[in-house]
Amino acid sequence: MDKQQAQQQITELRELLNQYGHEYYVLDSPSVPDSEYDRKMQELLKVEEAFPELVTADSPSQRIGGEPLDAFQKVQHNVAMMSLGNAFNEGELRDFARRAKAGTDEPISFVCELKIDGLAVSLTYENGKFVRGATRGDGTTGEDITSNLRTVRSIPLTIPEENTIEVRGEVFMPHKSFLKLNERRKEKGDEPFANPRNAAAGSLRQLDPKIAASRNLDIFLYGVGEWQTGTLVSHSERLDYLLELGFKINPEWRRCDTMDEVIDYVNYWEEKRPDLGYEIDGIVVKVDNLDQQEELGFTAKNPRWAIAYKFPAEEVMT
Ligand SMILES: NC(=O)c1cc2c(N)ncc(C(N)=O)c2s1
């Protein structure tokens with residue numbers, strides 16, 4: 001096989017593996033058995049080994065990077081990653097809506113989303129390639145954890161978007177992975193993690209990407225930071241577009257035209273959350289229209305166009 005044939009085969013194998021990976025890790029509906037995925041990965045590794053000059057960072061064979069880091073570099077968030085104000089009961093939720101409605105003379109629709117109990121991260125893509133991932137940090141300065149985030153299989157290494165975009169989401173550890181990890185830790189005599197959030201945070205803080213890769217982390221994307229593409233009108237349209245780009249969006253989001261619908265959604269998930277298979281600690285309610293979000297703006301600490309309704313703390317997972 002000459003170099004040109006090798007490049008052709010590598011391109012075909014990468015596209016196939018990216019599709020299989022998307023079906024399995026993002027859509028949770030694989031079209032081929034794991035053995036077929038492994039067979040194609042072995043083929044890719046063989047061709048890349050024979051033609052190392054053709055290996056690129058965005059290859060599915062390159063998710064688990066090289067040597068452990070000595071330390072994480074600092075990263076500035078050009079668009080601050082703000083924290084949300086909290087509401088602890090229905091009255092405070094309705095107060096939020098009243099304040100939002102007072103800030104604009106148009107009718108307001110909301111989007112409700114599950115508040116994932118994990119670690120907020122920012123992902124930057126340039127020319128369709130994942131180039132940097134960072135923790136929220138203090139909202140303006142985070143840590144570069146790109147090598148660890150590359151190991152999260154539901155994070156695409158390439159997306160069909162040429163413009164630079166920065167997307168935000170929550171990395172979390174599913175219950176199944178958490179229970180298996182704590183089993184392993186107990187067998188080795190290590191201290192088990194108190195909850196999935198601490199386990200996810202501890203995994204992303206590993207300097208060796210091989211350890212992060214072994215922790216079966218997952219992610220849901222829910223927002224954007226720097227965004228140089230297209231003019232979308234609403235948050236719900238943005239969620240649909242992120243899904244189209246290949247990102248993992250939590251499927252339980254709902255657009256609500258009245259606060260009664262918001263309250264129904266909150267009550268439903270307060271009862272149903274044990275069935276999810278991952279931890280949530282509340283519901284995020286956002287004004288859907290982006291112009292209204294801009295009109296409402298921010299206080300010193302929080303957006304005026306979003307609120308986090310917090311569930312009462314649950315008994316600790318054992
Ligand atoms: N601090 C924040 O802005 C957010 C934090 C979270 C979170 N932990 N889970 C889900 C969402 C969401 N769907 O918007 C947000 S937004």
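Whatever order the structure lists ligands and atoms in, that order sets their numbers, starting from 1. What you see is a predicted model, and the numbers here were worked out from it, not measured in a lab. Start at 1 with the first residue, then count along the sequence. The figures here come from the full heavy-atom set of this structure, side chains too, leaving out hydrogens, waters and symmetry mates.
- At a threshold of 4.0 Å, the pair E252-R273 does not count as salt-bridged, since none of the basic side-chain nitrogens sits closer than that to a carboxylate oxygen.
- When the shell of 6.0 Å around CZ of R205 is examined, it contains 12 or fewer heavy atoms from other residues, nucleotides or ligands.
- Considering backbone and side-chain atoms alike, I116 places an N or O below 3.5 Å from some N or O of ligand 1.
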field: Derivation and outcome, side-chain contact (heavy atoms from CB on, under 4.5 Å), residues Q7 and D2
entry: CA-CA 9 Å; Q7 183 59 69; D2 66 19; over 6 Å; no

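- Remark: distances from the non-hydrogen atoms of L114 to ligand 1 include one below 4.0 Å.
- Atom CG of D275 has more than 12 neighbouring heavy atoms from other residues, nucleotides or ligands inside a 6.0 Å radius.
- Scanning the protein heavy atoms around atom 5 (C) of ligand 1, the nearest turns out to be Y222 OH, 3.5 Å.
- For the pairing with F247, the ring-ring contact (aromatic ring centres under 6.0 Å, His included) check across Y25, F130, F220, Y125 returns one residue only, Y125.
- For E113, a nitrogen or oxygen atom sits less than 3.5 Å from a nitrogen or oxygen atom of ligand 1, counting backbone and side chain alike.
- An N or O contact shorter than 3.5 Å is missing between S83 and ligand 1 by distance.
- Using a 4.0 angstrom heavy-atom cutoff, M82 counts as in contact with ligand 1.
- When all heavy atoms are compared, the tightest approach of G202 to F193 is CA-CE2, 4.5 Å.
- If you number the atoms of ligand 1 from 1 as listed, the ones under 4.0 Å from a heavy atom of K286 come out as 12 (C), 14 (O).
- Ion pairing between a basic and an acidic side chain is recognised when a charged N comes within 4.0 Å of a carboxylate O; E43 and K40 show such pairing.
- Taking a cut-off of under 4.0 Å to the non-hydrogen atoms of E170, the atoms of ligand 1 that pass are 7 (C), 8 (N).
- Under a 4.0 Å criterion applied to the non-hydrogen atoms of L84, ligand 1 contributes the atoms 1 (N), 2 (C), 3 (O), 4 (C), 16 (S).
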